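Order of appearance sets the numbers: ligands from 1, and atoms from 1 within every ligand. If you're wondering where the values come from, they're calculated on a predicted model, not measured in any experiment.
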Amino acid sequence: MRRQAAPGPRALAYRYAAATTLAAAVFAVDAFTHLGSAVAVLYVLVLIIVADIASRHAIQAFAVGCVGLTLFAFVYGHGVDVMVEPGLRLLFSLSAILATTVIVLQRHADRLTVESQAELLDVTSDAIYLSDAIGRIAYWNKGAETLYGWSFDEAWGANAHALLATRFPEPRDAIAATLRQTGEWQGELTQRTRAGQTLYLFSRWRRRPDGTEGGGTTLETNTDITARRQADEALKDSERRYRTIFETLAVAIWEHDLRPVKEALDALRAEGVTDLAMYLAQNPDFVTRTRSLIRVTDVNGTALKLMGVATKEDFFTRLDDFLPEDDPTFPAFLLALNRNVESHTAETTIRTRQGELLRVIVAFNFPPGAPLDRVQASVLNITERVKAQEALQHTRSQLDHALRAAMLGEVSASIAHEINQPLAAITAHAAAGQRWLNRPEPDLDEVRASLAQAGAAATRASEVVRRVRTLMTQVEPEKTLLPVNAVVEEALHLLRNEMAAQGIVLAAALGAEDSRIEVDRILLQQVLINLMANAMQAMQATPPGARRLGVRTHAVPDEVIIEVCDTGPGFSEQVAQKAFEPFFTTKAQGMGLGLAMCRTIVTAHGGEIAIAAPEQGMGGKLRLSLPAVPAAES
Ligand code: ADP
């Protein structure tokens with residue numbers, strides 16, 4: 001089926017001239033000689049000359065012409081008297097011409113069909129070629145020309161797979177056997193183009209046997225899948241890289257299927273639950289139930305080591321298997337999931353296979369739009385750090401206590417020391433006054449003078465007390481210029497562990513980003529720690545899911561405001577009146593010095609501290625204001 005170009009007008013003209021000349025020659029011999037045979041039969045050669053090149057109409061015209069010439073030559077030679085023998089010869093010639101015309105027209109129709117089918121093969125972008133029994137190319141479509149770079153004429157007759165350096169996915173014998181048995185084969189292979197580029201192709205073969213052993217032709221249709229293969233390879237490569245990172249990361253990672261939890265939360269919403277925090281606080285069994293729904297789907301090597309498990313198959317199957325029952329952080333996790341946040345971090349405790357409790361920071365990532373069936377949690381073991389911090393905190397609080405005791409002792413000793421003298425003076429003046437009165441004739445002037453001196457001594461004593469107290473409580477702050485949020489964040493950091501241990505959710509909104517204050521960092525931290533510690537103590541009776549500590553900063557003209565609020569019971573009117581008085585406490589173990597100290601320190605910084613009106617749904621709220629340092633000075 002070698003593809004042929006359409007004949008040009010010149011080729012057509014030559015053929016027609018040849019056919020016409022032959023027709024004229026046959027006619028001349030037929031009409032003007034007396035050769036006894038059926039010369040007119042030779043008209044079939046005229047038809048054969050134009051058969052593969054002429055149009056249907058031209059073939060018909062030549063046929064009519066030949067018949068006409070035959071009849072004319074007959075009449076010309078024999079007249080209209082039909083004799084038997086020449087008549088039979090005429091009939092014989094006409095039959096041959098007509099039979100040839102029918103065959104030529106039939107072949108012409110077949111040729112048109114084949115040509116239009118071949119054109120169809122050229123329309124597809126797939127590379128299609130036909131090879132004979134020994135692999136030589138017999139047909140090569142436009143797609144093959146474009147894809148491989150060889151034209152039909154260049155490819156024709158070459159061995160297809162040698163030309164294209166084909167590499168097969170299985171041995172050639174196996175492919176040949178499949179072709180023999182089923183007549184078809186398909187698979188992925190690589191071939192090289194004329195320019196030397198390697199292509200990945202999906203190849204479909206169809207064999208058409210010709211009845212001989214090993215004979216017949218094979219039609220191969222090849223679809224270029226190079227781009228897809230490269231994309232697949234790139235994807236696999238990135239998956240491999242991701243796997244390697246996942247497995248070798250120093251952080252433990254496990255994946256969870258959170259879909260059932262999300263469904264449970266969605267169901268709650270559908271039931272009309274709007275305040276999820278409240279619902280969770282009131283329905284601890286819902287929390288327990290949802291926890292048990294979480295399956296672990298994958299873990300990395302570091303996680304196995306951390307949890308003391310040998311293989312992935314042996315790893316815990318559910319979150320419940322290693323999260324202690326009294327874990328207080330799960331409600332906060334549910335709230336985060338419900339809010340569709342992009343990440344959530346919690347500090348919690350987990351139990352290893354050997355039963356050891358570990359303190360960990362767990363960070364969940366919920367990329368927007370990603371399915372919840374494989375949510376990753378990165379887990380950082382901070383057990384040692386927490387132990388060190390706890391030891392440090394313990395030492396600090398012991399020291400603090402000792403310092404306070406020492407300070408109290410010092411205050412009382414100083415007061416005692418300082419007022420001893422005025423007290424002695426008062427005693428002496430009182431005794432003298434008494435003696436003057438006890439005289440037979442009391443000297444009232446002396447009595448008056450003694451009393452006046454005793455009064456003056458008492459005044460001095462109270463002055464001494466005030467001075468000593470001022471002296472002892474007066475702070476000499478070492479002021480530095482600091483961003484207010486940095487100080488607040490440091491204080492929050494110091495209390496993070498305790499908050500996590502008590503299941504307190506922190507709601508920090510630090511709005512005063514650019515505000516700076518001139519403060520003694522340690523003292524202001526002491527104030528904030530006191531306020532937050534009070535807030536945490538106030539929430540001891542609040543159910544775990546509802547414990548929230550609000551810390552806010554914001555700037556107003558010339559000032560920075562810091563607010564600390566909680567979900568405890570708040571201040572009663574009586575407590576609010578006395579809360580800042582030294583030694584006022586409502587706690588069994590309280591010293592009643594915290595808020596007093598806060599006020600002293602804040603006042604020393606030119607600021608103010610007060611109990612603020614509680615917000616909706618919240619308990620106690622303390623508000624302190626400090627002078628802001630204008631930007632130009634900072
Ligand atoms: P202490 O904490 O040692 O009792 P404080 O001066 O810190 O001393 O507090 C005085 C009192 O003020 C507390 O005993 C408590 O009754 C009340 N109080 C302080 N903060 C809060 C708060 N956030 N919510 C309710 N009451 C509080």
Thr586-ligand 1 polar pair, N/O distance under 3.5 Å
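Yes, there is a polar N/O contact under 3.5 Å.
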
If you measure every N or O of Leu595 against every N or O of ligand 1, does any of those distances drop under 3.5 Å?
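Yes: some nitrogen or oxygen of Leu595 is under 3.5 Å from one in ligand 1.
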
Any heavy atom of Asn530 closer to ligand 1 than 4.0 angstrom?
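No, Asn530 has no heavy atom closer than 4.0 Å to ligand 1.
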
Per-atom contacts of ligand 1 with Gly570, taking only distances under 4.0 Å to non-hydrogen atoms
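Answer for ligand 1: 25 (C).
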
Just jot down the ligand 1 atoms closer than 4.0 angstrom to any heavy atom of Phe584, in number order.
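Listed by number with element: 10 (C).
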
Taking only residues two or more places apart in sequence or in another chain, which ones pass side chain to side chain donor-acceptor pair (under 3.5 Å) with Asp326?
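With neighbours one apart ignored, the set is empty.
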
Could you give all pairs that pass the ring pair (Phe, Tyr, Trp, His ring centres under 6.0 Å) test and reach residues 349-368, with sequence neighbours left out?
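Ring pair (Phe, Tyr, Trp, His ring centres under 6.0 Å) check on residues 349-368 returns His256-Phe364, Phe333-Phe364.
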
Taking the basic N atoms (NZ, or NE/NH1/NH2) and the acidic carboxylate oxygens, is any pair closer than 4.0 Å for Arg351 and Asp327?
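Salt bridge: no.
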
Answer yes or no: is there an ion pair linking Glu490 with Arg521, defined by an N-O contact shorter than 4.0 Å?
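Salt bridge: yes.
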
Tell me the contacting part of Asp566 for ligand 1: side chain, backbone, both, or neither, using a 4.0 Å heavy-atom threshold, strictly below.
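Looking at Asp566 and ligand 1, just side chain atoms fall under 4.0 Å.
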
Side-chain (Asp443) to main-chain (Asp445) donor-acceptor, under 3.5 angstrom:
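Yes.
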
